[in-house]
Amino acid sequence: MAWLPAHDDRRDLATIDGEAARYLGLALLVVGGVLRVGPMFVLGDRFTWPLATQRGHKLLTSGFYRFIRHPSYSGALLGESAGSLLFRSGLGLILIALLLPCFLPLIGAEESLLQSEFGEGYVAYRSRTWRLLPFVY
């Protein structure tokens, strides 16, 4: 993904016509960047890898987490899509679609951990929010 979109654009291979794709990519880059990095600042020390809960961990349901349960994953996918759109790479977008299944096990593990930690509070939160993209998933 580091070189394919630019290569496609330069060689005009499987490119998306029009400058609108580039502007959409720029907008998605900004939104994706905010969604990817913003939750890291909001959660601070609670943003961990591997997944873990800490003492005094509280379920956050406001701000970035008001509508989307996994905004940082959403931001990563939007940011990667943005790079492909900036270079009008249709092949890059296909590769991004192939990345989505890599995120699903992480999301499932995170949701299981949060449900075991917060119980019915997390179930209620899950019922009124979206995993990655509002109105879609």
Side-chain angles (χ1 to χ4, degrees):
M1 287 309 301
W3 64 268
L4 179 71
H7 177 268
D8 290 351
D9 192 22
R10 182 180 171 126
R11 302 270 187 221
D12 202 25
L13 299 171
T15 54
I16 301 165
D17 286 336
E19 293 299 307
R22 293 188 198 275
Y23 289 111
L24 177 61
L26 184 59
L28 289 179
L29 184 63
V30 171
V31 172
V34 169
L35 284 174
R36 178 67 179 147
V37 177
M40 294 177 187
F41 285 103
V42 169
L43 291 177
D45 292 342
R46 293 181 296 165
F47 194 93
T48 62
W49 184 258
L51 300 174
T53 57
Q54 291 92 23
R55 181 174 293 152
H57 192 162
K58 295 199 179 358
L59 181 62
L60 184 59
T61 61
S62 61
F64 290 105
Y65 296 90
R66 184 173 180 181
F67 302 109
I68 305 171
R69 294 192 300 275
H70 306 282
S72 193
Y73 295 141
S74 297
L77 290 168
L78 285 176
E80 288 295 326
S81 299
S84 293
L85 287 170
L86 283 168
F87 290 108
R88 304 177 308 130
S89 175
L91 293 175
L93 289 176
I94 291 169
L95 288 177
I96 297 304
L98 295 175
L99 272 179
L100 185 60
C102 298
F103 281 87
L104 297 179
L106 295 172
I107 290 170
E110 191 170 314
E111 293 206 338
S112 293
L113 176 73
L114 291 169
Q115 185 169 343
S116 70
E117 181 74 18
F118 298 112
E120 290 301 315
Y122 189 75
V123 171
Y125 170 65
R126 211 171 63 194
S127 71
R128 66 179 185 271
T129 56
W130 299 91
R131 279 189 184 110
L132 291 173
L133 190 61
F135 308 108
V136 177
Y137 180 72

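All of these numbers come straight from a predicted model, not from anything done at the bench.
For the atom pair Glu120 CD and Ser127 OG, the distance stands at 10.0 Å (nearest 0.5 Å). Taking OG of Ser81 as the start and CG of Leu29 as the end, the distance is 11.0 Å to the nearest 0.5 Å. Here the CE atom belonging to Met40 is positioned 14.5 Å from the CZ atom belonging to Arg46, to the nearest 0.5 angstrom. From Ser89, atom OG reaches atom CD1 of Ile94 across 8.5 Å, with rounding to the nearest 0.5 Å. Between Leu35 atom CG and Ser72 atom OG the span is 8.5 Å, to the nearest 0.5 Å.
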Practice task
Verify side-chain contact (heavy atoms from CB on, under 4.5 Å) between Asp9 and Arg22, making sure each step is shown before the conclusion.
Solution key: CA-CA 11 Å; Asp9 192 22; Arg22 293 188 198 275; 3.1 Å; yes
Practice task
Quick one: do Arg66 and Thr61 satisfy side-chain contact (heavy atoms from CB on, under 4.5 Å)? Show the steps, please.
Solution key: CA-CA 5 Å; Arg66 184 173 180 181; Thr61 61; over 6 Å; no
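The aromatic rings of Phe135 and Trp130 sit tilted, their planes meeting at an angle between 30° and 60°. Ring-plane geometry between Trp3 and His7 is classed as perpendicular, the angle between the planes exceeding 60 degrees on a 0 to 90 degree scale with a lower cut at 30.
None of Ile96, Leu93, Leu26 except one satisfies the side chain to side chain contact (heavy atoms under 4.5 Å, CB included) rule with Leu85; the exception is Leu93.
In this structure, Val42 is a member of the same hydrophobic cluster as Leu78, with clusters built from ILVMFWY side-chain heavy atoms closer than 4.5 Å. If you chain together hydrophobic residues whose side chains sit under 4.5 Å apart, Ile107 and Phe64 never meet in one group. In the hydrophobic clustering of ILVMFWY residues, with side-chain heavy atoms under 4.5 Å counting as a link, Leu28 and Val136 come out apart. Both Leu104 and Leu77 are members of a single hydrophobic cluster when ILVMFWY side chains are connected at heavy-atom separations under 4.5 Å. A continuous path of Ile, Leu, Val, Met, Phe, Trp and Tyr side chains, each step under 4.5 Å between heavy atoms, connects Phe103 with Tyr137, placing both in one hydrophobic cluster.
Considering every non-hydrogen atom in both Leu106 and Tyr73, the closest pair reads CB-OH, 3.9 Å. Closest of all the heavy-atom pairs between Phe118 and Lys58 is CZ-C, 3.8 Å. The minimum heavy-atom distance linking Pro101 with Ala97 is given by the pair CD-O, 3.4 Å. The shortest non-hydrogen separation linking Pro39 to Phe47 is O-CD1, 4.2 Å. Listed here is the closest heavy atom pair of Gly25 and Ala82: O-CB, 3.1 Å. Residues Thr15 and Phe87 share a closest heavy-atom pair of CG2-O, 4.5 Å.
Thr129 is not listed as a side-chain neighbour of Ile68, based on a closest heavy-atom distance of 4.5 Å or more. At least one side-chain heavy atom of Leu43 sits less than 4.5 Å from a side-chain heavy atom of Tyr65. Inter-residue side-chain proximity for Leu114 and Arg126 is flagged as unmet; no heavy-atom pair is nearer than 4.5 Å.
Counting non-hydrogen atoms of neighbouring residues, nucleotides and ligands closer than 6.0 angstrom, the CZ atom of Arg11 reaches no more than 12 such neighbours.
Remark: the backbone N or O of Gly75 is not paired with any side-chain donor or acceptor of Arg36 at under 3.5 angstrom. Remark: the backbone N or O of Leu132 is paired with a side-chain donor or acceptor of Ser74 at under 3.5 angstrom.
Of the charged side-chain nitrogens involved, at least one lies within less than 4.0 Å of a carboxylate oxygen, so that Glu111 and Arg131 count as a salt-bridged pair.
Checked by atom type, the side-chain pair Glu117/His57 shows no donor-acceptor distance below 3.5 Å.
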